[in-house]
Every structure is written in structure tokens, then in C-alpha cells.
Protein chains: 2
Amino acid sequence: MPSPYFTKLTKIMLLTQTEENYLKAIFKHSEEAGKGVATTNAIAIEMNTAPASVTDMLRRLSEKKLINYEKYKGVSLTDSGRQVATELIRKHRLWECFLVDKLDFEWDEIHDIAEQLEHVNSPELIRRLNEYLGTPRFDPHGDPIPDEHGNIPEREFITLSNLEPGQTGELIGLQEHPDSLMKFLKKINVAIGTKITVLEYNEFDESLYIQINNEKKGGLSRKVSDNLLMKVI
Amino acid sequence: MPSPYFTKLTKIMLLTQTEENYLKAIFKHSEEAGKGVATTNAIAIEMNTAPASVTDMLRRLSEKKLINYEKYKGVSLTDSGRQVATELIRKHRLWECFLVDKLDFEWDEIHDIAEQLEHVNSPELIRRLNEYLGTPRFDPHGDPIPDEHGNIPEREFITLSNLEPGQTGELIGLQEHPDSLMKFLKKINVAIGTKITVLEYNEFDESLYIQINNEKKGGLSRKVSDNLLMKVI
DNA sequence: TAAGACTTTTAGATTAATCTAAAAATATTT
DNA sequence: AAATATTTTTAGATTAATCTAAAAGTCTTA
Ligand SMILES: [Mn+2]
Ligand SMILES: [Mn+2]
Ligand SMILES: [Mn+2]
Ligand SMILES: [Mn+2]
């Protein structure tokens, strides 16, 4: 519904889903990526729109004091913009927990549904959902769930590619989670919590020979091992 | 997101939330109300818009073959429009069950949240949600939940105002459910499933003297008793 | 440091959803 | 059956979100 749906009285302005999605994209490409600012182009690619559309939106978000924006200089979130973004990420990840823990979805089936659910606006709903789920700290992909104040739990990890032969680690997350990676991991029986032991390192292609849960053995490309975030055990 | 988001290939066209809400409004004022057709004005009031906006939308919905529309003659749903409407009602009511059964919300707190959740598009989500809830046939307000084919369970009922003194009934639903009525019923400890015995009928104001669950006794106005749908026991 | 390449913004349109004011059609009352 | 009232539609604008094409700014590299 494109209409001016604010609420000035309560000081909570209601944003359109589109505005919310832009804020998430900006968060991802500034803070999460550690770059400080997000560029117009990066946002355009993330949002699947023309760069001109991004410029337009940046003007509007800037007017609403959700972002710091200077022409040609890139954008960052203001405190209130960051607040909105982390709340969205919190909602997204809590819903992902719900889908997996309660409705038995698999981790590669939930993202698109959570993309929709995250825009449902009801603080009380999220409060109760969180409680119902037992206040989880990480979602089914191992990603940290911001708390109600926007604080994001820290994860300590080392990528599997950085483990030495002989070391064993437990999978606690993924660097990126494209569908193709999740499908592949499902096939070789690797999921969050799986124990992986590095048996050999092959210098030629930087692949690893590994053992999964002290059972099956197999090879793993560098590209995959770079994406697996492990806790050494 | 106002953009042309169809999918012609799958023959499932994705509607905007606004279009979906109009279809629900048309369903309510044509089929549910038993009138055959919904009028522009009734839809405008339901949707909280100007009648001119309704006319505009009717043209668009008609173009998409979701409604039968002839200028000045009122509108009715086509089969595909009815399909969409009943699916929305199904989703709305299933989510209401979830909110009450799983998250412990009260029946007067859930409607607005369900209004948002009903627009989440994922048939598999609804399939699993329905299963998770144990395939309920009625929602927390006693309203029937359409099945996956759009069939709506029939309710047999008699309003409390039509019970004779001496008769006892169980509350199975409400005619209308404004917030004020639900709050009042909560206060006098009446909910779906509550047993009510009619002790006396007062001719002057058509009020009833009743007993609730064989315990508390009290008076009830005609306006309230007209709204309580009972099953005689 | 100037040319070329890339990025970003501006200009000008389009579409969905809305509005108000006015005209047209239909319904109700004298 | 007129006159009046009510309902519905048309006309003309507006706003959010998008697009393409072109201009302007910034970066890279010879
Ligand atoms: Mn996700
Ligand atoms: Mn996730
Ligand atoms: Mn409801
Ligand atoms: Mn209901």
C-alpha cells in the first residue's frame, strides 16, 4: 500500500516494506561488511533495482533521518536506521527458528518465507515468539540473533580452511549461505553442529580430506571449506 | 511494493495486499452477507477509502477476471476470485489459532496481527501450520476455517436471544466480533465453550437473566444475546 | 595530469493506489 | 412523473516506487 503511513504521535514511523528492505541492504553493505558505508551500486545489486532508483530512495530515507547520505559519498545508517535494521534481522531470524524448530522445515527452505514474515509489525508478537522459541541466540544457519536492544551476539570462529590436519571442529555457521551450498552440505550430511576432522591438506588445489562425525570420509574444495565457520573442539 | 508482480507461467498471479483486501471485502459483502452482490459504497466503508477509489480498483480486478463487474450493478466474485478470498480467510483464521493456541494471545488481541500474516504467501507454510495446529475447523472466535479446497464448514446455531427460559447452550461463535463485545464477554467470563442457561426473559427490554457455567448469575441485554451463537445442550 | 572508465545523479516517464470535485445514473419521495 | 436524494462513475491530481537515457562526478591508469 503506497500511502503515507506514519505515526508521528507515537514517534514510531511505520515504513513501507520497500524502505525496510533498503535499510537491511544498507546494513549488510556497510556495517556487516565492515566497510563503514554502502555504495549506490552495491545497494542496487542487492535490491535488484536500477542505481537511479536507489538514489531516489536514499533521498527519502535521508529525509526521514534513517541514513547519513551525502551525494557521491556513500551511505551509513543513523542510530534510528540501525535500530530498524537490527529489529528486522531479529524478526527474520526468529521466524527462521520457528519454521525449522516448530514446522520442521529444512534450513534451505526458510529464507524466502522469513523475508515476508519479517515485515509483520507487532512487537508483542515478536516478544512472545522469542519466548516460545526459548530465546534462541542463533538461527538455523548459525547466524546471530540480535536481542531486543539490537545487540548482536559475537561468534568466535575459524574457517575450516584454517584448521590444521588432525584438528576437529564443530560447524557453527556459514560465511555466505547460497542455496547451492546448503543443498550440497545436506547431501554430504553436514549441518550446524556437525563435527568435522581435517585428515589431510592437499597443496595442489588446497582441498581437504575430512571425516564427518567420526564416520564418513571425503574431499572438500577450498571454496567450501572457506565458507564453513568452525569452533575448534 | 506497487509493481507488476504476476507470474504468468505458473498461472498463479500474485496480487498486491490491497487487491487481496478488496477481494476479502467483496466476499464479506456479497457471499457472506448473502446478498449476492457487493455495492461500491459498502466496499468503500469496509476498506476505509473513497468510493471513487473503489470504482478504480473494481475495474482492475475485473480486468484480472477476479470479479464480475458491470457499472452501477454491484460486484460478485468469479470462481478464481472466490478461491483467493477463501484462501485468505483460511490463512487469517489459521494464524489466529496459532496466536491463541501457541503464543497464548487472547481472542481480542489477534485480529490485527492476523490481518498482516494472512498476506504471507507460501502454500507449504500454511500446509504445515495447519498440521501443526491439528487441522482446526474453527478459529478462536468460533468462525469456520475454509479447508484447502475452499469449503467452509457449516455451523448450526441458535442465538442466545432465541433460547427459551430453562434451556442451556454452549457458546460456539459470535455474529459480529467488535473489540468492545469481546472485552465485555471477557469481563463476565464468557468465551467459546462457555455454558449459558437462560433463567428468565424480561419482556420490557428483552434482556435475559442468565447463569454462566452453573455458577455466576447476571443480566444480559438483547444486543448482546443477539450476538451469541449457541448450540443447545 | 589528461583521457577514458566507472559510478552516481538528474531528467522525464510509468504504474498502483489513493484523493477531491463534479458529472451521470439510479432510487426514493412527493 | 417530476423533483429530490443517493449512489456511482469520471476527471484530474498526487505520491511511492520504479524504469531508461543522459549528464555529472570520481577514480584509474597510461
Ligand atoms: Mn534468511
Ligand atoms: Mn538465517
Ligand atoms: Mn480476525
Ligand atoms: Mn477470527
Side-chain angles (χ1 to χ4, degrees), chain A residues 1-8 13-26 29-30 33 35-76 84 115 119, chain B residues 1-8 13-26 29-30 33 35-76 84 115 119:
Chain A
M1 259 184 278
S3 64
Y5 56 100
F6 308 79
T7 313
K8 264 281 176 53
M13 71 170 104
L14 290 197
L15 305 175
T16 63
Q17 294 199 184
T18 307
E19 288 171 320
E20 290 188 337
N21 286 333
Y22 271 97
L23 291 174
K24 272 202 308 169
I26 294 164
H29 285 86
S30 58
K35 293 195 178 124
V37 294
T39 64
T40 299
N41 254 359
I43 298 166
I45 291 165
E46 182 74 31
M47 295 295 297
N48 230 297
T49 57
S53 310
V54 174
T55 302
D56 237 52
M57 180 57 91
L58 293 183
R59 236 192 303 280
R60 267 175 286 144
L61 293 175
S62 182
E63 218 134 272
K64 295 186 178 181
K65 311 265 191 223
L66 293 161
I67 61 172
N68 305 116
Y69 172 53
E70 265 182 282
K71 278 207 268 181
Y72 296 105
K73 304 282 172 168
V75 288
S76 61
V84 174
E115 282 294 309
H119 299 291
Chain B
M1 258 184 279
S3 66
Y5 57 99
F6 307 80
T7 312
K8 265 281 178 51
M13 69 170 102
L14 291 198
L15 303 176
T16 63
Q17 293 200 184
T18 307
E19 289 172 319
E20 291 189 335
N21 285 333
Y22 271 96
L23 290 175
K24 272 204 306 169
I26 293 164
H29 286 86
S30 57
K35 294 200 177 120
V37 295
T39 64
T40 300
N41 254 359
I43 299 165
I45 290 166
E46 182 75 31
M47 294 295 296
N48 229 296
T49 57
S53 310
V54 174
T55 302
D56 236 53
M57 180 57 90
L58 293 183
R59 236 192 302 279
R60 266 175 288 143
L61 293 175
S62 181
E63 218 134 90
K64 295 184 177 181
K65 311 264 191 223
L66 293 161
I67 60 172
N68 305 115
Y69 172 52
E70 264 183 283
K71 278 208 269 180
Y72 295 104
K73 305 280 174 174
V75 288
S76 61
V84 173
E115 282 293 308
H119 299 291

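Per chain, numbering begins at 1; letters A, B, ... match sequence-line order. Nothing here was measured: the structure is a model prediction, and the numbers come from that model.
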Whole-Å distance between [N] [atom2] and [X] [atom1]?
X	N	atom1	atom2	value
A/Leu15	D/dA16	CG	P	13 Å
B/Asn21	C/dA17	CG	C1'	13 Å
B/Tyr22	C/dA16	OH	P	14 Å
B/Lys64	C/dT15	NZ	P	13 Å
A/Glu20	D/dA16	CD	C1'	15 Å
A/Arg59	C/dT8	CZ	P	14 Å
B/Asp56	D/dT9	CG	P	11 Å
B/Tyr69	D/dT8	OH	C1'	7 Å

Taking only side-chain N and O atoms of A/Thr16, does any of them lie within less than 4.0 angstrom of OP1 or OP2 on D/dA17? yes
Examine D/dT10: is either OP1 or OP2 under 4.0 Å from a nitrogen or oxygen in the side chain of B/Lys71? Give yes or no. yes
Search all heavy atoms of B/Ala38 against all heavy atoms of B/Ser30 and return the closest pair with its distance. N-CB, 3.8 Å
Each nucleotide N or O in nucleotides 2-5 of chain C that has a protein N or O under 3.5 Å away: list the pair and distance.
none

Could you list the residues that satisfy side-chain hydrogen bond (donor to acceptor under 3.5 Å, both in side chains) with B/Asn41, not counting sequence neighbours? none
Can you name the side-chain hydrogen bond (donor to acceptor under 3.5 Å, both in side chains) partners of B/Glu20, sequence neighbours left out? B/His119
How many angstroms lie between OG in B/Ser76 and NE2 in B/His29, if you round to the nearest 0.5 Å? 15.0 Å
In Å and rounded to the nearest 0.5 Å, what is the CG to CG distance from B/Asp56 to B/Leu61? 10.5 Å
Are [X] and [Y] packed together at the side-chain level, in the sense that at least one heavy-atom pair is separated by less than 4.5 angstrom?
X	Y	answer
A/Leu15	A/Val84	yes
A/Ile67	A/Leu58	yes
B/Ile26	B/Ile43	yes

First encountered from the 5' end of DNA chain D, between B/Ser53 and A/Arg60: B/Ser53
Assign each of A/Glu19 and B/Ala52 to its nearest nucleotide of DNA chain D by heavy atoms, then name whichever residue's nucleotide is nearer the 5' end. B/Ala52
Applying the side-chain contact (heavy atoms from CB on, under 4.5 Å) criterion to B/Met57, which one of B/Asn21, B/Leu23, B/Thr40, B/Thr18 satisfies it? B/Thr18
Would you mind telling me which of B/Arg60, B/Lys64, B/Lys24 makes a salt bridge (charged side-chain N to carboxylate O under 4.0 Å, His left out) with B/Glu19? B/Lys64
Strictly under 3.5 Å: I want the nitrogen or oxygen pairs between protein and nucleotides 23-25 of chain D, one per line.
unit_1	atom_1	unit_2	atom_2	d
D/dG25	O4'	A/Tyr72	OH	3.3

Students often get this wrong, so: under 4.0 angstrom with heavy atoms, is B/Thr55 touching a base, only sugar-phosphate, or nothing? base
Below 4.0 angstrom, which residues in residues 41-51 of chain B have at least one non-hydrogen atom near DNA chain D? B/Asn41, B/Pro51
Donor-acceptor contacts under 3.5 Å from residues 44-55 of chain A side chains, at least two apart:
unit_1	atom_1	unit_2	atom_2	d
A/Glu46	OE2	A/Lys28	NZ	3.3
A/Thr55	OG1	A/Pro51	O	3.3

As a test of reading the structure: which of C/dT8, C/dT18, D/dT8 is closest to the side chain of A/Thr40, going by heavy atoms? C/dT8
